[in-house]
Amino acid sequence: MSEFRAGIPFRLEGLRTPIFRILGHNPGPMTGPGTNSYLIGRNRRCLLDPGPDDEQQLESLLAALDGAGLDVILVTHTHRDHSPLAARLARLTGAELVGLPAPDAPGQDPGFRPSKAWRHDDVVEVDGLRLRVIHTPGHVSNHLCYLLEEEKLLFTGDHVLQGTTPVILPPDGDMGHYLDSLTYLQTLDLAWLAPGHGDLMARPQEELAALIAHRRGREEKIVTALNRLGGGTEEELLREVYADVAAHLLPWARKTQLAHLLKLQREGRAALAAGQWRALA
């Protein structure tokens with residue numbers, strides 16, 4: 001990603017449709033170099049995930065528009081590194097807001113107000129292009145991906161990331177829903193994945209299969225640890241199951257571990273009593 005500089009539009013290669021990736025001015029432990037915004041179209045434009053509401057971010061996106069109209073703003077989900085600038089940008093440009101309202105959960109942007117009640121399989125048309133709304137709950141309940149049908153390109157937000165795996169954030173996030181959403185994406189005819197963090201990915205089905213295998217593998221490590229330890233607290237399990245994860249990431253790994261445990265509990269494979277998790281049959 002060294003060729004990408006924050007705020008500078010870079011056209012994605014190998015596509016007929018003009019799509020520019022604009023790296024946000026928000027690097028950090030959980031955002032990496034920053035959140036990706038995507039500017040789509042030739043004449044009338046569509047912008048996906050405008051990012052945080054700050055002046056530097058706004059100036060970069062307005063400069064990228066270079067006087068062209070902005071018809072639509074797409075939001076994959078309402079975490080604060082993806083959606084907060086959407087409301088102000090819509091007021092400035094008159095763009096329609098596409099996405100789902102924020103759930104009542106930490107880290108959300110309650111100021112996001114979509115233009116209508118958008119649903120799975122709705123189609124957004126702009127500049128002769130069709131973008132299909134794909135509901136992909138899991139990371140959070142209101143997560144959407146968008147399929148640019150002309151390119152078979154899926155904008156994945158935080159559902160599929162390049163080079164890492166997303167955190168699942170219970171109780172709003174749900175591991176069972178996440179795996180179901182990944183399985184659904186495997187049924188689609190895809191050529192590219194454009195993530196909210198990281199680079200364009202050219203082998204979607206391989207990426208999806210690897211991500212499912214990783215999550216199921218981690219789940220089985222939890223079951224193995226529960227059996228070996230005879231049960232344990234979340235902290236005890238974390239040291240066993242996530243021994244391969246850097247210390248500064250363990251608080252986030254603990255959230256994903258809890259999502260796995262809650263899934264196992266619903267399936268009758270684990271139980272919680274007095275702060276101790278144990279494996280069931």
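Values below: every heavy atom of this structure, side chains too, minus hydrogens, waters and symmetry copies.
Side-chain contact of T78 with N142: a donor-acceptor pair under 3.5 Å is present, judged by distance alone. Judged by distance alone, the side chains of T31 and D81 never bring a donor and an acceptor atom under 3.5 Å apart. A side-chain donor from one of H260 and R215 sits under 3.5 Å from a side-chain acceptor of the other. Under the 3.5 Å distance criterion, with hydrogens and angles disregarded, no donor-acceptor pair is assigned to the side chains of E150 and T17. Defined by atom type and a distance below 3.5 Å, a donor-acceptor pair is missing between the side-chain atoms of D49 and S37.
Side chain of Q186 to main chain of L208: no donor-acceptor pair is present (N/O by atom type, distance under 3.5 Å, no hydrogens or angles). When atom types are taken as modelled, the side chain of R228 and the backbone of V223 share no donor-acceptor pair closer than 3.5 angstrom. The main-chain N or O of R119 is found under 3.5 Å from a side-chain atom of D122 such that the two form a donor-acceptor pair. Without hydrogens or angle criteria, D127 side chain to L129 main chain gives no donor-acceptor distance under 3.5 Å. Between the D174 side chain and the G176 main chain, a donor and an acceptor come within less than 3.5 Å of each other. Side-chain atoms of T256 never come within 3.5 Å of backbone atoms of V167 as a donor-acceptor pair (strictly under, hydrogens ignored).
Ring-plane geometry between H82 and H77 is classed as tilted, the angle between the planes lying from 30 to 60 degrees on a 0 to 90 degree scale. Relative orientation of the H159 and Y178 rings is perpendicular, given thresholds of 30° and 60° on the angle between their planes.
Between V123 and V133, every side-chain heavy-atom pair lies at or beyond the 4.5 Å cut-off.
One finds a salt bridge joining R21 and D199 here, because a Lys/Arg side-chain nitrogen approaches an Asp/Glu carboxylate oxygen to under 4.0 Å.
Here H139 and H79 bring their ring centres to under 6.0 angstrom of each other. Y38 has its ring centre no less than 6.0 Å from the ring centre of F20.
Surrounding CG of D104 are at most 12 heavy atoms belonging to other residues, nucleotides or ligands under 6.0 Å away. By the neighbour-count criterion of 12 heavy atoms within 6.0 Å, atom CZ of R266 is densely surrounded, having more than that number from other residues, nucleotides or ligands. Annotation for R88: atom CZ counts as buried by contact number, over 12 foreign heavy atoms lying within 6.0 Å. Within a 6.0 Å radius of CD in E13, no more than 12 heavy atoms belonging to other residues, nucleotides or ligands are found.
Using a 4.5 Å cut-off between side-chain heavy atoms of Ile, Leu, Val, Met, Phe, Trp and Tyr, with links allowed through other members, L100 and V75 fall into different hydrophobic clusters. Taking hydrophobic clusters as Ile, Leu, Val, Met, Phe, Trp and Tyr residues chained together by side-chain heavy-atom distances below 4.5 Å, L61 does not share a cluster with L48. W252 and L262 fall within the same hydrophobic cluster, where Ile, Leu, Val, Met, Phe, Trp and Tyr residues are linked whenever their side-chain heavy atoms come under 4.5 Å apart, directly or through other members. When the side chains of ILVMFWY residues are joined at heavy-atom separations under 4.5 Å, either directly or via intervening members, I73 and I19 end up in two distinct hydrophobic clusters.
Cation-pi geometry between R5 and F10 is not met at under 6.0 angstrom from the ring centre and within 45 degrees of the axis.
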Given the rule in the side chain to side chain donor-acceptor pair (under 3.5 Å) test, do D158 and H143 qualify, once you have shown the distances and angles that lead to the verdict? CA-CA 8 Å; D158 281 0; H143 196 287; 5.7 Å; no
